[in-house]
Engineer: 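Here it is: the structure, laid out below.
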Amino acid sequence: MKDQLVIYNTLTRKKELFKPLVEGKVGLYVCGPTVYSNSHLGHARPNITFDLLYRYLTFIGYKVRYVRNITDVGHLENEADESGEDKISKKARVEQLEPMEVVQKYMNTFHQNMRELNVLPPNIEPRASGHIIEQQQLIHSILKNGFAYEVNGSVYFDVEKYNEKYRYGKLSGRNLDDIKTNTRQLEGQDEKKNPFDFALWKKATPEHIMRWPSNWSDGYPGWHLECSSMSTKYLGNVFDIHGGGMDLTFPHHECEIAQSTASQGKEAVRYWMHNNMITINGQKMARSLGNFITLDELFSGNHEMLEKSYSPMTIRFFILQAHYRSTIDFSNEALQASEKGLERLFTALETLEKLPVSEQSTVDVAGLKEKCFAALNDDLNSAVAIAHLFDGARMINSVKAGQQKISDSDLKELKSFFHTVVFEILGLKPETAGAQNGSNEIVNKIIDLVLNLRLEAKARKDWATSDKIRNELNALGVEIKDTKEGFEWSLK
RNA sequence: GGUUCCUUGGCCGAGUGGCUAGGCGGCGGUCUGCAAAACCGUGUACGGCGGUUCGAAUCCGCCAGGAACCUCCA
């Protein structure tokens, strides 16, 4: 199965068979968050997408080193303040905090949200602020190779010079002539030879708090640099996969390619993968557009656009139900559909544990399994894989209902398949309220007691009493299903 | 304006040159004292107009609408 994974490479705009540089090992780098405010739904997408990739690569037998950075140096902000100060130091002033305190605060909530979404931690989570020296080294080598120039303590990348030897714009499908005619002339950029040149090192203005000493000035690194230096530091000069949101393709990833190539004469990344955006009313959800809903708001339901709260697994499932390269449109209706669907899947998973076995199967477990893995191998098509899981759910329910039969060996295979795909690969987990997991034994016993009384009432055909018990337990959040044997219940 | 891309049934979303996902919702049925759950059945969906083809929603062209990027952004 290892040799069958096909992934879409933005660089070639084609699906390609994935072959790692080193047999059996994969180097994976993903652009992580800039930690200056709470994570929103949009941030969940790349993290879940590449969590799926990480899990799947691991599942098919690769040893993966997954590196996901934390951007804590801050990017230049281009808003009305015109000060050019960096996002993190600006926020710090507003809140009267140390920049690193802001970073720590939002890094903590990011980690908390990721845990809630069952996103596995990466193997290395480097911070830009901890790699200033490496970034400066990278600038030195780009300067030495003649692809950068220094002006007044700042260093800029010479795009035109680079483009004479290599091709700037290959990832995003642009060419320099187009860029020349379409780059806006921004204020305060007169140091650059050309407006499309980008900063490698910026001299800090006096009010800029985040600063480090360097040969050129007290300043801070340009905003594309950290990924170039940290990815190659931990994964090697050439590594397998670099991921991130589609909105980073240009200029961020384009500049990364230019920096790596300018410093080492060859490209660092073999496969570029980009996830699409989450939209809301057809428009990208983004911090800067102000149309975002934070993950905490989703989990608590505390936002005017939300009809109710949505659990982390609902969010995760919602995202996985679409292919990562398609946009996915947020709405209460869509989220509730996912919530119901996920419930159906987990109910089937429970049913799976108590299926009767027969001599022969009338169901095709092997075929189901094959189709599901074929979907995952096809550029990580979780949407199709999940569709096959629903076919599996129907299979399970039909066996339970006695309409289909399953053999002992097929049942074992089906169980293992479901557990592997649902828990290990898709990273879903049950979210039952505590009471049924033994955390509140006495409550379980009381509910059982009451329901047994109801059973007695039913035996007497005392429907008034039995319905009263059911309705009132329902109101308390206990869902009751009558079965042939008696009853089943669960907490909502 | 430039570059890239999208438009699928009530909603969300796969996919493919002919065999035509899936979820949610709706409708009908089975089961049930009634519910719930489950199961079964049910939709003449592929933005518009042309073209290529035996055959296109899938390929090509034009038009309409929308998006992303070009400026921080997941």
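These figures come from a predicted structure and were not determined experimentally.
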Engineer: Between A:K180 and B:rC70, does any side-chain N or O lie under 4.0 Å from OP1 or OP2?
Structural biologist: no

Engineer: Counting distance alone, no hydrogens or angles: does the base of B:rC73 have a donor or acceptor under 3.5 Å from a partner atom on the side chain of A:K284?
Structural biologist: yes

Engineer: Base, sugar-phosphate, or nothing for A:R174, non-hydrogen atoms under 4.0 angstrom?
Structural biologist: base

Engineer: Could you check how far CD of A:E479 sits from P of B:rA38, rounded to whole Å?
Structural biologist: 11 Å

Engineer: Quickly work out the A:D247 CG to B:rC69 P distance and round it to whole Å.
Structural biologist: 6 Å

Engineer: Judged by modelled atom types alone, do A:D72 and A:S129 share a side-chain donor-acceptor pair under 3.5 Å?
Structural biologist: yes

Engineer: Is atom NZ of A:K308 surrounded by more than 12 heavy atoms (other residues, nucleotides or ligands) closer than 6.0 Å?
Structural biologist: yes

Engineer: Would one find a side-chain N or O of A:N397 under 4.0 angstrom from OP1 or OP2 of B:rA37?
Structural biologist: no

Engineer: Using a strict threshold of under 4.0 Å (side-chain N to carboxylate O), is an ion pair present between A:R55 and A:D51?
Structural biologist: yes

Engineer: With the side chain counted from C-beta on, respond yes when A:L451 and A:L473 share a heavy-atom pair under 4.5 Å apart, and no when they do not.
Structural biologist: yes

Engineer: Roughly how far apart, to the nearest Å, are B:rA38 and B:rA45 at atom C1'?
Structural biologist: 28 Å

Engineer: Is it the case that atom NZ in A:K415 sees more than 12 heavy atoms from other parts of the structure closer than 6.0 Å?
Structural biologist: yes

Engineer: So, A:Y162 versus A:F157, ring centres under 6.0 angstrom or not?
Structural biologist: yes

Engineer: In whole Å, what separates the C1' atom of B:rU3 from that of B:rG22?
Structural biologist: 35 Å

Engineer: Regarding A:G173, tell me which of base, sugar-phosphate or nothing describes its non-hydrogen contacts under 4.0 Å with the strands shown.
Structural biologist: sugar-phosphate

Engineer: Would you mind classifying the nucleic acid contact of A:T347 as base, sugar-phosphate or nothing, using non-hydrogen atoms under 4.0 angstrom?
Structural biologist: nothing

Engineer: Listing request: all salt bridge (Lys or Arg N to Asp or Glu O under 4.0 Å) pairs with a residue in residues 376-393 of chain A, at least two apart in sequence or in separate chains.
Structural biologist: A:K15-A:D378, A:R325-A:D379

Engineer: Salt bridge or not between A:K170 and A:E254? Use side-chain N to carboxylate O under 4.0 Å.
Structural biologist: no

Engineer: Give a yes or no on whether the ring-centroid distance for A:H224 and A:F198 is below 6.0 angstrom.
Structural biologist: yes

Engineer: Using side-chain contact (heavy atoms from CB on, under 4.5 Å) as the criterion, point out the one residue from A:L389, A:V365, A:V422 that pairs with A:F417.
Structural biologist: A:L389

Engineer: C1' atom, B:rC62 versus B:rC72: distance in rounded Å?
Structural biologist: 38 Å

Engineer: Got a sec, which pairs hit salt bridge (Lys or Arg N to Asp or Glu O under 4.0 Å) with one end in residues 107-126 of chain A, sequence neighbours left out?
Structural biologist: A:R68-A:E125

Engineer: My understanding is that only residues two or more places apart in sequence, or in another chain, count here; which of them pass side chain to side chain contact (heavy atoms under 4.5 Å, CB included) with A:S331?
Structural biologist: A:E333, A:A334

Engineer: Could you please name the option among B:rG15, B:rC39, B:rC70 that lies closest to any side-chain atom of A:P251?
Structural biologist: B:rC70

Engineer: If you assign each of A:D329 and A:T279 to its closest nucleotide in RNA chain B, which residue comes earlier from the 5' end?
Structural biologist: A:D329

Engineer: Enumerate, in order of first residue number, the stems that involve RNA chain B, defined as 3 or more consecutive Watson-Crick or G-U wobble pairs with both distances under 3.5 Å.
Structural biologist: B:1-7 with B:64-70, B:10-12 with B:22-24, B:26-30 with B:38-42, B:47-51 with B:59-63

Engineer: Please give the distance between the C1' atoms of B:rU20 and B:rU44 as a whole number of Å.
Structural biologist: 12 Å

Engineer: Please classify the nucleic acid contact of A:Q283 as base, sugar-phosphate, or nothing, using heavy-atom distances under 4.0 Å.
Structural biologist: sugar-phosphate

Engineer: Between atom CZ in A:R325 and atom P in B:rC5, what is the gap in whole Å?
Structural biologist: 11 Å

Engineer: In this structure, how many angstroms lie between the P atom of B:rU71 and the CZ atom of A:R287, rounded?
Structural biologist: 20 Å

Engineer: Give me the distance, rounded to whole Å, that separates B:rU58 from B:rC49 when you measure between the P atoms they each carry.
Structural biologist: 12 Å

Engineer: Under 4.0 Å, counting only non-hydrogen atoms across every strand here, what does A:I278 touch: a base, just sugar-phosphate, or nothing?
Structural biologist: base

Engineer: Between B:rA14, B:rA36, B:rC73, which nucleotide has the shortest distance from any of its atoms to the side chain of A:W223?
Structural biologist: B:rC73

Engineer: With respect to the phosphate group of B:rA14, does any side-chain polar atom (N or O) of A:S326 fall under 4.0 Å of OP1 or OP2?
Structural biologist: yes

Engineer: Please state whether the base of B:rC34 and the side chain of A:D482 form at least one donor-acceptor pair under 3.5 Å?
Structural biologist: yes

Engineer: How far, in whole Å, is B:rG17 from B:rC60 if one measures between their P atoms?
Structural biologist: 12 Å

Engineer: Hey, which sits more toward the 5' end of RNA chain B by its nearest nucleotide, A:A464 or A:C31?
Structural biologist: A:A464

Engineer: Measure up the A:W272 and A:H274 rings against each other and bin them: parallel (under 30°), tilted (30 to 60°), perpendicular (over 60°).
Structural biologist: parallel

Engineer: Distance check needed: B:rC12 C1' versus A:E339 CD, whole Å only.
Structural biologist: 14 Å

Engineer: Base, sugar-phosphate alone, or nothing: which one does A:M246 contact when heavy atoms must sit under 4.0 Å apart?
Structural biologist: nothing

Engineer: Whole angstrom is fine here: how far is it from CZ in A:F318 over to C1' in B:rC12?
Structural biologist: 7 Å

Engineer: May I have the distance from A:I179 (atom CD1) to B:rG2 (atom P), rounded to whole angstrom?
Structural biologist: 16 Å

Engineer: Touch check for A:N175, heavy atoms < 4.0 angstrom, all strands: base, sugar-phosphate only, or nothing?
Structural biologist: nothing

Engineer: Could one point to a donor on the side chain of A:R470 or the base of B:rC34 with an acceptor on the other under 3.5 Å away?
Structural biologist: yes

Engineer: Rounded to whole Å, please give me the gap between NE2 in A:H252 and P in B:rC73.
Structural biologist: 7 Å

Engineer: Between A:E339 and A:R316, does at least one N-O distance fall below 4.0 Å, as a salt bridge requires?
Structural biologist: no

Engineer: Could you give the distance separating B:rG33 and B:rA21 at their P atoms, to the nearest angstrom?
Structural biologist: 37 Å

Engineer: Should the pair A:D462-A:R454 be classified as a salt bridge under the 4.0 Å nitrogen-to-oxygen rule?
Structural biologist: no

Engineer: Using nucleotides 22-24 of chain B, report all nitrogen or oxygen pairs with the protein that are shorter than 3.5 Å.
Structural biologist:
{"unit_1": "B:rG23", "atom_1": "OP1", "unit_2": "A:R394", "atom_2": "NH2", "d": "3.4"}
{"unit_1": "B:rG23", "atom_1": "O2'", "unit_2": "A:A337", "atom_2": "O", "d": "3.4"}

Engineer: Could you run down the sub-3.5 Å N/O contacts of the protein with nucleotides 56-59 of chain B?
Structural biologist:
none

Engineer: Taking the C1' atom in each of B:rG2 and B:rA14, what is the distance between them to the nearest angstrom?
Structural biologist: 32 Å

